Number of protein chains: 2
Amino acid sequence: MSEAARGSETRARIQAVAVELFTEQGYDKTSLREIAERLDVTKAALYYHFKSKEDIVASLVEDYVGQFDDLIAWATGQPRTAQTRAEIMRRYVTIVTEGHEVFRMLHQNQAAAQSMAGGKGRRTELFKERLRTLTGLLAEPDASLAERLRAAIVLGGISVAWMSFEDQVPDQDELVTAIIETGVELTRHPVATS
Amino acid sequence: MSEAARGSETRARIQAVAVELFTEQGYDKTSLREIAERLDVTKAALYYHFKSKEDIVASLVEDYVGQFDDLIAWATGQPRTAQTRAEIMRRYVTIVTEGHEVFRMLHQNQAAAQSMAGGKGRRTELFKERLRTLTGLLAEPDASLAERLRAAIVLGGISVAWMSFEDQVPDQDELVTAIIETGVELTRHPVATS
DNA sequence: GTCTATAGACGGATAGAC
DNA sequence: GTCTATCCGTCTATAGAC
């Protein structure tokens, strides 16, 4: 909510339509004319709220990766216990599943999203970098390769699993709970690597 | 290799450059002019080998998803044993890691890739569909939700983990082996869901 | 099999009225 | 805050010579 509630309410409508169309058709195949038509306004109106097409995506990206940064910041200040790891997992799953429209949009437009989001210089590699950091918080960097791999696989797989099952189950809340449970279970440090 | 070795050798060079540029900059931001320049030929020359820009991607997609289809076809004819599951994992990891240039390119251009690949009608949902099928082969559809989730998370997470670690370790073969091991381990059916 | 030249279309962005 | 009108750039794709 930090940046989202800025300016008029039209701004939010533009963002919503943009997410929808960018997801369906891709960033480049969606023209500003199309977005404007869907909102019954003109292209020029969009330029009052956003200074460019890229700026629309940038506003979305900023809000979204901010959530991960918040999670990382929080987690960094916590003791490295099993309970902390479980809580990281819980929050991570919540971000992925609740913001899934934006997440899916970014997922489908990685190439486009990476060109921006950071102005000019920043080669942020949006998720890769943050995923590595989170991996390091679930399994210490000096842990065995197998252990770090497990953490990376689980974090990366959660979003895929969500997208894969989301429309296959009757109760999505139940699915979220199950994903958290499975995620926590898979990142425990049990089995001796035979 | 089924379709790859078609026509002149220039065709393959075009494909190689296309993968590279599509990955770096995205499908839409890469023009045929750019590809042609890199090969020291002209745009028109490309049109001798491919009937359109989309056709270049289509040729790539076809070859790549074919590998997954082959895996699925093979796995479907096997007995559902632990060894079969391990072998599925092994082959899956091999496809993901060996074809990682193409994989990464498709990953970065999902939106573009989904519009094509199947001519006009087919809404193949390239990976989602196939991932579901593979999930069903690792954990029977009547297995518990937790068990199916585990399979989906692991399959989905493998590619993420690969991309995350690929440039972080000295020996990539070792990494592949470790991923296979971890994948097999995570999809075993051990822990009683507390 | 590769070239030059160009058609034809569409997109992002701005100026300026209201 | 939204509109009309328009500029300017770039791109895909084709025609036709060599």
Side-chain angles (χ1 to χ4, degrees), chain A residues 3-61 105 108-109 111-117 119-120, chain B residues 4-61 105 109 111-117 119-120:
Chain A
E3 280 284 340
R6 177 89 326 114
S8 75
E9 184 242 350
T10 311
R11 188 188 158 91
R13 291 178 60 225
I14 295 173
Q15 287 178 316
V17 171
V19 170
E20 195 181 330
L21 292 180
F22 289 165
T23 304
E24 277 173 24
Q25 318 177 327
Y27 173 77
D28 301 85
K29 286 197 173 56
T30 303
S31 65
L32 294 180
R33 183 184 51 74
E34 221 171 341
I35 296 176
E37 264 171 22
R38 187 94 136 214
L39 290 164
D40 266 310
V41 295
T42 61
K43 267 197 299 179
L46 304 184
Y47 278 94
Y48 175 81
H49 295 278
F50 298 94
K51 75 173 207 297
S52 70
K53 186 184 179 186
E54 286 204 354
D55 194 43
I56 298 177
V57 175
S59 76
L60 263 6
V61 170
M105 185 246 112
Q108 289 230 327
N109 294 287
Q114 276 177 8
S115 310
M116 35 200 111
K120 269 271 166 60
Chain B
R6 175 89 329 111
S8 75
E9 185 242 349
T10 310
R11 188 188 159 92
R13 290 179 60 224
I14 295 173
Q15 287 178 315
V17 172
V19 170
E20 195 181 331
L21 292 179
F22 290 164
T23 304
E24 276 173 25
Q25 319 177 324
Y27 172 77
D28 300 86
K29 286 198 172 56
T30 304
S31 66
L32 294 181
R33 181 184 52 74
E34 220 172 341
I35 296 176
E37 265 171 20
R38 187 95 136 215
L39 288 165
D40 266 309
V41 294
T42 60
K43 267 196 301 178
L46 304 183
Y47 278 94
Y48 176 82
H49 296 279
F50 298 94
K51 75 175 206 299
S52 70
K53 186 184 178 185
E54 286 204 353
D55 194 44
I56 298 178
V57 175
S59 76
L60 262 6
V61 171
M105 185 244 115
N109 295 286
Q114 276 177 8
S115 310
M116 38 201 107
K120 269 271 166 60

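What you see is a predicted model, and the numbers here were worked out from it, not measured in a lab. Below, chains carry the letters A, B, ... as their sequence lines are ordered, and counting in each starts from 1.
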query = Taking atom C1' of D:dC11 as reference, at what distance in whole Å does atom CG of B:Asp28 sit?
reply = 11 Å
query = Within a strict 4.5 Å, meaning less than it, do heavy atoms of the A:Ile56 and A:Leu32 side chains meet?
reply = yes
task = Write down the distance between NZ (A:Lys51) and P (C:dA15), rounded to a whole number of angstrom.
result = 16 Å
ask   = Taking only residues two or more places apart in sequence, or in another chain, which ones meet B:Arg38 in a side-chain contact (heavy atoms from CB on, under 4.5 Å)?
value = B:Val17, B:Glu20, B:Leu21, B:Glu24
ask   = Phosphate oxygens OP1/OP2 of D:dC11: is one of them under 4.0 Å from a side-chain N or O of B:Arg33?
value = yes
message = At under 4.0 Å between heavy atoms, how does the protein contact nucleotides 4-9 of chain D? Give one character per nucleotide, 5' to 3', with B, S or -.
response = B-----
ask   = Under the ring pair (Phe, Tyr, Trp, His ring centres under 6.0 Å) rule, what pairs show up with a residue in residues 18-48 of chain A, not counting sequence neighbours?
value = A:Phe22-A:Tyr27
task = Considering just the side-chain nitrogens and oxygens of B:Tyr48, establish if one lies under 4.0 Å of OP1 or OP2 belonging to C:dT2.
result = no
request  = Please report the C-alpha distance between A:Arg11 and A:Ser59 in whole Å, then the side-chain angles of each, then the deciding distance to 0.1 Å, and finally whether the side chain to side chain contact (heavy atoms under 4.5 Å, CB included) criterion is met.
outcome  = CA-CA 10 Å; A:Arg11 188 188 158 91; A:Ser59 76; 3.9 Å; yes
key: Nearest-Å distance for atom pair CG/P, residues B:Leu39 and C:dT2   = 10 Å
inquiry  = Check this for me: does any side-chain nitrogen of one of B:Glu9 and B:Arg13 sit under 4.0 Å from a carboxylate oxygen of the other?
reply    = no
request  = May I have the distance from B:Phe50 (atom CZ) to C:dT2 (atom C1'), rounded to whole angstrom?
outcome  = 16 Å
key: Length of the NZ-C1' vector between B:Lys53 and D:dT14, whole Å   = 17 Å
For atom OH of B:Tyr47 and atom P of D:dA17, their distance in whole Å = 21 Å
task = Round to the nearest Å and state the distance from A:Ile56 atom CD1 to C:dA13 atom C1'.
result = 12 Å
inquiry  = How many whole angstroms separate atom NZ of B:Lys29 from atom P of C:dG12?
reply    = 10 Å
Point-to-point distance, once rounded to the nearest 0.5 Å, from CG of B:Asn109 to CG of A:Asn109 = 9.0 Å
